[in-house]
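First up is the structure itself, then whatever we jot down about it.
Every heavy atom of this structure was used, including side-chain atoms; hydrogens, water molecules and symmetry mates were not. Note that the structure is predicted; figures quoted are calculated from it, not measured. Proteins get letters first, then strands, A, B, ... in listed order; numbering begins at 1 in each.
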Number of protein chains: 2
Amino acid sequence: MSNKKSLVTFILNVVKISKSDAEQIAEAFHFVELKEKEFLLHEKQVSDDYLYLENGLMRTFLYDLEGEEITIDFFTENNVVFEITSFFNRVRSEANIQAITKCSGYRISYKELNALFHDKPAFRDFGRAILVKEFIASQKRNYGMINRTAKERYQNLLATKPQILRDAPLKFIASYLGVTDSTLSRLRKNL
Amino acid sequence: MSNKKSLVTFILNVVKISKSDAEQIAEAFHFVELKEKEFLLHEKQVSDDYLYLENGLMRTFLYDLEGEEITIDFFTENNVVFEITSFFNRVRSEANIQAITKCSGYRISYKELNALFHDKPAFRDFGRAILVKEFIASQKRNYGMINRTAKERYQNLLATKPQILRDAPLKFIASYLGVTDSTLSRLRKNL
DNA sequence: TGATTTTCTTGCCTTTTGTCAAGTGAATTC
DNA sequence: GAATTCACTTGACAAAAGGCAAGAAAATCA
């Protein structure tokens, strides 16, 4: 049994399965590290990483029509990281996934994930629970972005994921919140 | 074999399984109709409907802090309709789902869905494909809403789901786009 | 250490969107 | 069919956010 305690704990928090099932699932994952600014996924590649992020901060981003980077989402410690479209549909990714800080965690490939999905009923429940959890998070984000001013969105981010404001540069946060750098800088000043 | 041709076609478009598997899955669904303005789900209930919408237009909405209705999402023909948090986590819903026009389709309950999930491998693939599909749609919506002006968001909706603009009242669309009724009315005028 | 680049802040002005309130017209009701 | 309600529009003004450019501060590099 390798040292995947945090992953086992994460699995047990996501779905009601036995500890030994959780440990067997965790066993299938492989340790990975990423340096600051290293990419987990480059656009136009087919993603093959389903990652549990144990330490660090990552982001996913793409380029808008003017060629500007738009940060779509941040990933914090103790969450899964994957580009769902590319990973599950086996198509080239439109987005990039990049480590903001040094990161470490455990990954499995698409092939490994499917083998588990077919062989281990407990993993099916885990897989579904993760999809449901991430889907809900995406919907919540939708709701939190619309019908709110930039200031409220910023305050919400401050309250829910302060590590992002600590570790990510202003321009990543600005594009994530849908405002310009200038506007975010001014918002900050008034708080 | 009842008349569920559109559902079978829908299933076959979502996941690569055999026609007979798709027909067996469709068999488990039950026909339902909803009158205009009728609710599929009221807030504070636990959702028990996983619905394939064959005809009509629906929306999901909740109330903001000022007690105003906020339309979160629209559901169009030939899509699935469910409140993921309440349905999968068996918790009371914070959202309402309501028919805008007269609607018809086919539903299954949580219990029925899980029985299929455990007994029919083809349904597992279907279930996962639906979650992936809806998750991607949610992410796309996120991306389409941020970093765009209200006018661009409106034009995008016009291009992608014109039936919404045809059948939903202005106030539903305005809150969905995150603007006031007045602003949407003015946007329309300039087009 | 000093030079260079990158990140962030700020001022000035414009555009977008919101607020509030009044008004029109259509649909519904009694 | 008059009254009421509902959906939408419009005007006048206010607030929020953006565009652009200059400059300060911080990080990186040589």
Side-chain angles (χ1 to χ4, degrees), chain A residues 35-38 57 59 61 63-71 74 96 98-102 142-158 162-191, chain B residues 35-38 57 59 61 63-71 74 96 98-102 142-158 162-191:
Chain A
K35 297 192 192 76
E36 189 181 329
K37 295 183 182 153
E38 191 176 343
L57 179 66
R59 67 164 182 145
F61 73 94
Y63 296 93
D64 68 12
L65 298 172
E66 286 81 38
E68 298 291 321
E69 286 185 6
I70 306 292
T71 295
F74 291 102
N96 305 274
Q98 184 186 28
I100 295 175
T101 65
K102 184 172 181 295
N142 269 327
Y143 174 57
M145 296 302 256
I146 210 84
N147 290 100
R148 295 203 187 175
T149 65
K151 186 177 180 180
E152 291 169 325
R153 299 200 297 273
Y154 177 79
Q155 289 177 313
N156 181 55
L157 189 65
L158 182 63
Q163 66 272 51
I164 293 175
L165 303 185
R166 193 190 60 212
D167 291 335
L170 174 139
K171 62 178 175 175
F172 293 174
I173 301 165
S175 70
Y176 175 77
L177 293 176
V179 297
T180 59
D181 295 9
S182 312
T183 298
L184 179 54
S185 178
R186 278 185 261 261
L187 284 178
R188 256 188 189 170
K189 192 171 58 166
N190 305 335
L191 290 174
Chain B
K35 297 191 193 79
E36 189 181 328
K37 296 184 181 152
E38 189 176 344
L57 179 65
R59 65 163 185 148
F61 72 94
Y63 295 93
D64 69 11
L65 298 171
E66 287 81 40
E68 299 292 322
E69 286 185 7
I70 306 293
T71 295
F74 291 101
N96 304 274
Q98 184 187 26
I100 295 174
T101 64
K102 184 170 182 299
N142 269 327
Y143 175 57
M145 296 301 255
I146 211 84
N147 290 101
R148 296 204 188 176
T149 65
K151 187 177 179 180
E152 291 169 326
R153 298 201 297 273
Y154 177 79
Q155 289 177 312
N156 181 55
L157 189 65
L158 181 62
Q163 66 271 52
I164 293 174
L165 303 185
R166 193 191 59 213
D167 290 335
L170 174 139
K171 62 178 177 177
F172 293 175
I173 301 166
S175 70
Y176 176 77
L177 293 176
V179 297
T180 59
D181 294 10
S182 313
T183 297
L184 180 55
S185 177
R186 278 185 260 262
L187 284 178
R188 257 187 190 171
K189 193 172 55 165
N190 306 335
L191 290 174

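- Once rounded to the nearest 0.5 Å, the distance linking CD1 of A/Ile146 with CZ of A/Arg148 reads 11.0 Å.
- From the 5' end on, the contacts that DNA chain C makes with chain A at under 4.0 Å to a non-hydrogen atom open and close at C/dT7 to C/dC12.
- For the pair B/Glu68 CD and D/dA7 P, the interatomic distance rounds to 13 Å; values are reported in whole Å.
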If you apply the rule side-chain contact (heavy atoms from CB on, under 4.5 Å), what do you find for A/Phe172 with A/Phe61, and how did you get there? CA-CA 9 Å; A/Phe172 293 174; A/Phe61 73 94; over 6 Å; no
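- Straight-line distance from the NZ atom of B/Lys171 to the P atom of D/dT5: 15 Å, rounded to whole Å.
- A side-chain donor-acceptor contact under 3.5 Å links B/Arg153 to the backbone of B/Leu177.
- With the end axes of the helix from C/dT1-D/dA30 to C/dC30-D/dG1 each set by five pairs, the angle from one to the other reads 50° at 10° resolution.
- If B/Ser182 and B/Lys37 are placed on DNA chain D by their nearest nucleotide, the residue sitting closer to the 5' end is B/Lys37.
- The line from NZ of A/Lys189 to CG of A/Leu184 is 12.5 Å long, rounded to the nearest 0.5 Å.
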side-chain contact (heavy atoms from CB on, under 4.5 Å) evaluation trace for A/Tyr63 with A/Glu68: CA-CA 5 Å; A/Tyr63 296 93; A/Glu68 298 291 321; over 6 Å; no
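- Atom CG in A/Leu170 sits about 14 Å away from atom P in D/dA26, given to the nearest Å.
- Going from atom NZ of B/Lys151 over to atom OG1 of B/Thr183 covers 13.5 Å, rounded to the nearest 0.5 Å.
- D/dA7 atom P lies 10 Å from atom CD of B/Glu69, rounded to whole Å.
- Distance CG (A/Asn147) to C1' (D/dA16): 15 Å, rounded to an integer number of Å.
- A distance of 5.5 Å separates CG of A/Leu165 from CG of A/Leu158, quoted to the nearest 0.5 Å.
- B/Ile100 has its CD1 atom 12 Å from the P atom of D/dA7, to the nearest Å.
- Here the side chains of B/Asp64 and A/Asn147 are not in contact, with every heavy-atom distance at 4.5 Å or above.
- B/Leu191 places a side-chain heavy atom less than 4.5 Å from the side chain of B/Tyr154.
- The closest donor-acceptor contact from the side chain of A/Thr71 to the backbone of A/Tyr176 lies at 3.5 Å or more, if one exists at all.
- Using a 4.0 Å heavy-atom distance criterion, A/Arg186 is classed as a base contact.
- With hydrogens and angles ignored, the 3.5 Å screen pairs a side-chain donor or acceptor of A/Gln98 with a backbone N or O of A/Lys37.
- At a non-hydrogen distance threshold of 4.0 Å, nothing from residues 148-158 of chain B comes into contact with DNA chain D.
- If you take CG of A/Leu187 and P of D/dA17, they are 7 Å apart, rounded to a whole angstrom.
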